[in-house]
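There's a structure below that I have some questions on.
Atoms within each ligand, like the ligands themselves, are counted from 1 in listed order. Everything numeric here is computed off the predicted structure, so don't read it as measured data.
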Amino acid sequence: MNESKTRRRLVVGNWKMNGNLATNAELLDGITAQWQGVDGVDAALCPPFVYLSQAAHALKNSVIELGAQSVNEHDAGAFTGEISGAMLDDLGCRYVIVGHNERRRLEGETEARVADKFHAALQAGLIPILCVGESEQERDAGQALETIGRQLGVVIERVGLQAFENAVVAYEPVWAVGTGKVASPEQAEEVHRFIRAELGKLGPQTQILYGGSVKPGNAEQLFALPDIDGALLGGASLNADDFVAICKAAG
Ligand code: PGA
């Protein structure tokens, strides 16, 4: 790994289906007001689609980037209720989350569709944050790495390894998301090392985030691991103090 570039740290907040104009304004103000002192960390916020403009406006003078929670795989057309990559780009998004387990499980997104969405994000000039992760049953059955290898493999097959030059991967064990159960440092590091190896020559330079119950109290321990480059936050990103504290821990 001696040709590895120094990877920047990245912390991404996924607000999921939470907030309203008033609470978002408070959260965005809280984050930007406390941002001083966060050094060397890239950060992004992914509000619901309908609040992207609000967040774009609030983050206008900030280094914090904007991201979306999903994207449709088509360019345009008769896809009622869907949002294209070009629309996200138009609103100033830099990142888009692809393949979050809530979309795979609750919205029936197949692995093939996740790969198409990843491709569409790249085509629109966005940086996809590809979420992969095993369920509790898969981990208990000793199939964690096999599951993650398959999820990653479908995307690599679709876009090619080189495409990961402009992508981020997030390891999110399904059993750790929103549950308060965080992967142990050994479990997380094993998967991150595996993902890096699966990415071949792109492995050393790809940002690989951990997601699943990251809080100010456990972030430092996770960020100390050699293959963890940052975090994808759900719950903790809805609290300005927690979000900023985790970004500081990554710095
Ligand atoms: P959590 O969610 O931090 O609330 O566990 C993480 C995620 O869904 O990305």
Next item on the list: Could you list the atoms of ligand 1 found under 4.0 angstrom from a heavy atom of S213?
Entry: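 Numbered from 1, ligand 1 contributes 1 (P), 3 (O), 5 (O).
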Check: Can you list the atoms of ligand 1 that are under 4.0 Å from a heavy atom of G212?
Finding: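 Checking each atom against G212, I get 5 (O).
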Note to self: Heavy atoms only: which of G133, G235, G234, A170 lies closest to atom 6 (C) of ligand 1?
What the structure shows: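 Checking each option, the heavy atom nearest atom 6 (C) of ligand 1 is found in G234.
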Check: Can you tell me if E165 and Q162 form a side-chain donor-acceptor pair at under 3.5 Å?
Finding: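 Yes, because at least one side-chain N or O of E165 sits under 3.5 Å from a partner of the opposite role on Q162.
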Notebook entry, point to check: Strictly by modelled atom types, are E26 and T23 linked by a side-chain donor-acceptor pair under 3.5 Å?
Noted result: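 Note: E26 and T23 side chains miss the donor-acceptor criterion.
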Next item on the list: State the atoms of ligand 1, each with its element, that fall below the 4.0 Å cut-off from a heavy-atom position in G178.
Entry: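 Numbered from 1, ligand 1 contributes 1 (P), 4 (O), 5 (O).
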Next item on the list: Write down the atom of L10, the atom of Y95, and the distance for their closest heavy-atom approach.
Entry: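 Scanning both residues, the minimum pair turns out to be CD1-OH, 3.7 Å.
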Next item on the list: Report the part of A236 (side chain from C-beta onward, or backbone N, CA, C, O) that has a heavy atom under 4.0 Å from ligand 1; answer both or neither where that applies.
Entry: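 A236 to ligand 1: no contact under 4.0 Å from either part.
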Checklist line | Salt bridge R9-D229, side-chain N to carboxylate O under 4.0 Å | finding: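 No, R9 and D229 are not salt-bridged.
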Margin query: Using a strict threshold of under 4.0 Å (side-chain N to carboxylate O), is an ion pair present between R150 and E146?
Written below: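 Salt bridge flag = no for R150 with E146.
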Item checked: Nitrogen or oxygen of K16 less than 3.5 angstrom from that of ligand 1 ->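 Min N/O separation from ligand 1 is below 3.5 Å for K16.
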Item checked: Closest non-hydrogen atom pair, F243 against G13 ->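 For F243 versus G13, the nearest heavy atoms are CE1-N, 3.9 Å.
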Notebook entry, point to check: In terms of atom number and element, which parts of ligand 1 are under 4.0 angstrom from non-hydrogen atoms of A176?
Noted result: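 With A176 as reference, the close atoms of ligand 1 come out as 5 (O).
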Check: Can you list the ligand 1 atoms lying under 4.0 Å from a non-hydrogen atom of H100?
Finding: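 Within the 4.0 Å cut-off of H100, ligand 1 contributes 7 (C), 8 (O), 9 (O).
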Notebook entry, point to check: Taking the side chain as C-beta and beyond, is there a heavy-atom pair between L52 and C93 under 4.5 Å?
Noted result: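 The answer is yes, as the side chains (C-beta and beyond) meet within the 4.5 Å cut-off.
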Checklist line | Nearest-neighbour protein heavy atom for atom 9 (O) of ligand 1, which is reported as residue plus atom name and distance | finding: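 Looking at atom 9 (O) of ligand 1, the protein heavy atom closest to it is E172 OE2, 2.6 Å.
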